[in-house]
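Notes to accompany the following structure.
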Protein chains: 2
Amino acid sequence: MAKESKAPGRRMTIYDLATLSGASPTAVSSVLNGTWKKRRISVALAERITRIADEQGYALNMQASGLRRDKSHLIGMIVPKYDNRYFGSIVEKFESMARDRGLFPIVTCTQRDSELEIQAARAMIAHQVDCLIATGATDPDRITEICAAAGVRSLNLDLPGRLAPSVISDNRGGANALTQRILAASAGDRVPGQPLLYVGGRPDHNTTERIQGFRDAHSEAGIAVDDTMILATGYAPEKAERALGELAAKHGKLPAAMFVSSTIPLEGVIRWIKASGHFGDCPPHIGCFDWDPLVSVLTENIIMLRQDVPGMLQELFKMIDSEPADARVIEVPTLFQE
Amino acid sequence: MAKESKAPGRRMTIYDLATLSGASPTAVSSVLNGTWKKRRISVALAERITRIADEQGYALNMQASGLRRDKSHLIGMIVPKYDNRYFGSIVEKFESMARDRGLFPIVTCTQRDSELEIQAARAMIAHQVDCLIATGATDPDRITEICAAAGVRSLNLDLPGRLAPSVISDNRGGANALTQRILAASAGDRVPGQPLLYVGGRPDHNTTERIQGFRDAHSEAGIAVDDTMILATGYAPEKAERALGELAAKHGKLPAAMFVSSTIPLEGVIRWIKASGHFGDCPPHIGCFDWDPLVSVLTENIIMLRQDVPGMLQELFKMIDSEPADARVIEVPTLFQE
DNA sequence: CAAGTGTGCTGCATCGGTTGAGCAAAGATG
DNA sequence: CATCTTTGCTCAACCGATGCAGCACACTTG
């Protein structure tokens, strides 16, 4: 009687396949991972092993494989939220590009919570990711340090860090272009020389740059921007809503046009506009540094800027593939839909 | 001279910690994974090891740990797309509930592509997930079979299967309630006795049930529904857009109210309404079996039904925790925002 | 003081693949 | 026919963590 091939509940292993095929575990392993030609296994044996593996529905144990190799072929990404199309499309594109390279993507969302970010980074390192992408992280350099201590490569996306290479949008240029479009669209409805209102975002690199682009466009148009026009209230819709209410209470009539930092505060802005009735029948012109197809098809008064997600991920994977050592920042131009 | 503690590029292991602390690898392992009391390690040694591990920034190798234990503590989820708030909130909630249970969530998006779904399921099994959740899968039973062959538990979410337990929305009841609301809201604008139009969705369980609920509500209101009023065109916006155009070309004036199966076809519906000018200044009443905060704040004529994601995930994890064997289907009631 | 009990630790095999070294047999070469 | 080369495969160590068995020592008990 032949040796029992496999215990009932247990998963099939290369040792089971070895007994079934009458070959050694080494032969089975090398056939299944493609190194068999280098190891001079005959085509006949390779085919037999492949056939039996297929018949038995064998699945490689990546934990065991990853333990022995020096590369795990895992690539991690942390992302703040899944509540908007921008991060959604980043994740979708990231996963598909990772898979195209034979990497297994692990993505986790950290709720814009810096403590969770660190925990998630540690967990990914524990799972032996080869590389970690920190997307829109609140403290990218902290993550880079943790990764470096564990010998894991890290890259930043969307928000830059000083310690690792970063791929971000051209926030200043994009904000400038968007501001110009809002100024042009609202020219008929604005008091001449009146600046736009800036709403949303928190004091990070991107907001700073966007505000700078916002100011640049104003000064190019010869319009002065007062600091009270900048409401960088964070990303929560409620905060934007409250800030508008407070500003209106203090200043009376608000400008007939505004720059909103993303679709999340946009929700609060729209809510306030509708609820307050501040603008009556003449809704303000809005520019949004973010794109959502439903918003763009539902509205006429909102100009949406679209960040070039495919372009950014192209640059990101270029860096992943080439392993640059310096903490360069790549800025990808933004787009407008059609 | 003491034995060299660690090679430069390599990651710290329990063996390094053992030499550093003068204890055995076994002691280090048991201290770090919490089994040290059972193993009668002294508090003094436990504290020393913990301190050294912290100082050195040690991170457990989960591949090695997972290989040795019978449970990997990995839980996988496949999800069709990240392009809407429904799946986004499912993933966010799933991740946080998994983490609360000490599980590491692995989520991957399969682009509504059945081949990718299978590939992703196989990859997750290869990575030794303890359990796999198939969300909105095109062929959930195929995934269940693949999981079963590998001895991996699987559950369905959003769309039910016949071979594994499922948690889904009460599609029929929700569609009935939504249809009633649309009928009521549009009563003044509809030709009496005229049915609504049904747009979007593909021939799966959920669409079938939603159409049934749609029909139920009509028959309860004494309205007959012609088959030509059902445009189950799939989820792509373009398909919904084209179908409306074709129907209008054939039938002339469309009903003044419609039921749209989710926010994705809604985009096409709105686009067609705006582009065609079919309804002139009197936009149709719309009910959408899905919820998006931006849409709900931007529009007055769209009633949005919200699927109870927290409730569904509560039920899902109840099943994960209790390991039921039967392929029961749990239907969770839907909500309306406020 | 021999036997029994408890404390605090270590040694070794093991999980499932991967890898470098090596071995036997067949074929080529002088 | 002895030697060298090539072909086709196997052996054993190893990756890092875990769990069982067991050992040395101290302390109690009759």
Side-chain angles (χ1 to χ4, degrees), chain A residues 5-7 9-49 53 56 58-74 125-128 130 150-151, chain B residues 5-7 9-49 53 56 58-74 125-128 130 150-151:
Chain A
S5 68
K6 188 172 89 69
R10 272 184 52 264
R11 219 167 280 193
M12 172 101 8
T13 72
I14 55 164
Y15 299 94
D16 303 319
L17 294 179
T19 37
L20 281 173
S21 64
S24 70
T26 304
V28 175
S29 172
S30 65
V31 165
L32 297 177
N33 68 29
T35 57
W36 59 280
K37 286 198 172 163
K38 199 175 66 187
R39 305 192 69 105
R40 296 180 314 208
I41 302 293
S42 65
V43 177
L45 180 57
E47 278 171 356
R48 181 153 48 98
I49 288 173
Q56 302 289 325
Y58 169 78
L60 182 65
N61 183 331
M62 293 303 241
Q63 313 230 78
S65 174
L67 177 58
R68 189 56 172 81
R69 303 170 185 259
D70 54 343
K71 296 241 157 233
S72 68
H73 301 290
L74 293 175
I125 290 168
H127 285 281
Q128 309 299 112
D130 291 332
Chain B
S5 67
K6 188 171 89 70
R10 271 186 52 262
R11 219 166 282 195
M12 172 103 5
T13 71
I14 54 165
Y15 299 94
D16 303 318
L17 294 179
T19 37
L20 280 174
S21 64
S24 69
T26 305
V28 174
S29 171
S30 65
V31 166
L32 296 177
N33 68 29
T35 57
W36 59 280
K37 286 199 172 162
K38 197 174 68 189
R39 312 195 62 130
R40 298 181 311 206
I41 302 293
S42 66
V43 176
L45 180 56
E47 278 172 356
R48 182 153 46 97
I49 289 173
Q56 302 290 323
Y58 169 79
L60 182 65
N61 183 329
M62 293 305 246
Q63 311 229 81
S65 175
L67 176 58
R68 191 59 173 75
R69 306 170 183 258
D70 52 345
K71 295 242 158 230
S72 68
H73 302 289
L74 293 176
I125 290 168
H127 285 280
Q128 309 299 110
D130 292 330

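When reading the values below, keep in mind they use all heavy atoms of this one structure, side chains included, and skip hydrogens, waters and symmetry mates. First the proteins, then the strands, lettered A, B, ... as listed; each starts at 1.
- The side chain of Leu45(A) sits closest to dC9(D) out of dT18(D), dT10(C), dC9(D).
- Spacing between atom CZ of Arg39(A) and atom P of dA21(C) amounts to 11 Å, rounded to whole angstrom units.
- Using a 4.0 Å heavy-atom criterion, one finds that Thr26(A) contacts the bases of the nucleic acid, with or without backbone contacts as well.
- In this structure, Ser29(B) contributes its side chain and Pro25(B) its backbone to no donor-acceptor pair below 3.5 Å.
- Of the candidate nucleotides dA21(C), dC12(C), dG17(C), dG17(C) has the atom lying nearest to any side-chain atom of Tyr15(A).
- Among the heavy atoms of the strands lying under 4.0 Å from Asn33(A) are primed sugar atoms or P, OP1, OP2 only; no base atom is included.
- No donor-acceptor pair closer than 3.5 Å links the side chain of Arg11(A) to the backbone N or O of Gly151(B).
- If you check every strand for non-hydrogen atoms under 4.0 Å, Leu60(A) touches sugar and phosphate atoms only.
- Summarising the geometry, the separation between CD1 on Ile49(A) and C1' on dC9(D) is reported as 10 Å, rounded to the nearest angstrom.
- For Arg68(B) and dT14(C), a side-chain-to-base donor-acceptor distance below 3.5 Å is present, hydrogens and geometry of angles not being considered.
- Summary of the strand contacts: Arg48(B) and Leu67(B) both lie near DNA chain C, and taking for each the nucleotide with the nearest heavy atom, the more 5' one is attributed to Arg48(B).
- Considering CE of Met12(A) and CD of Gln56(A), their distance stands at 4.5 Å, rounded to 0.5 Å.
- Between Ser24(B) and dG11(C) there is no side-chain N or O to OP1 or OP2 distance below 4.0 Å.
- For dG17(C), the OP1/OP2 oxygens have no side-chain nitrogen or oxygen of Ser29(A) closer than 4.0 Å.
- Put simply, Asn61(B) has no side-chain N or O that comes within less than 4.0 Å of OP1 or OP2 on dC15(D).
- A close approach under 4.0 Å does not occur between any side-chain nitrogen or oxygen of Arg40(B) and OP1 or OP2 of dT7(C).
- Where Pro25(A) and Tyr58(B) meet DNA chain D, the nucleotide closest to each residue was compared, and Pro25(A) sits on the side nearer the 5' end.
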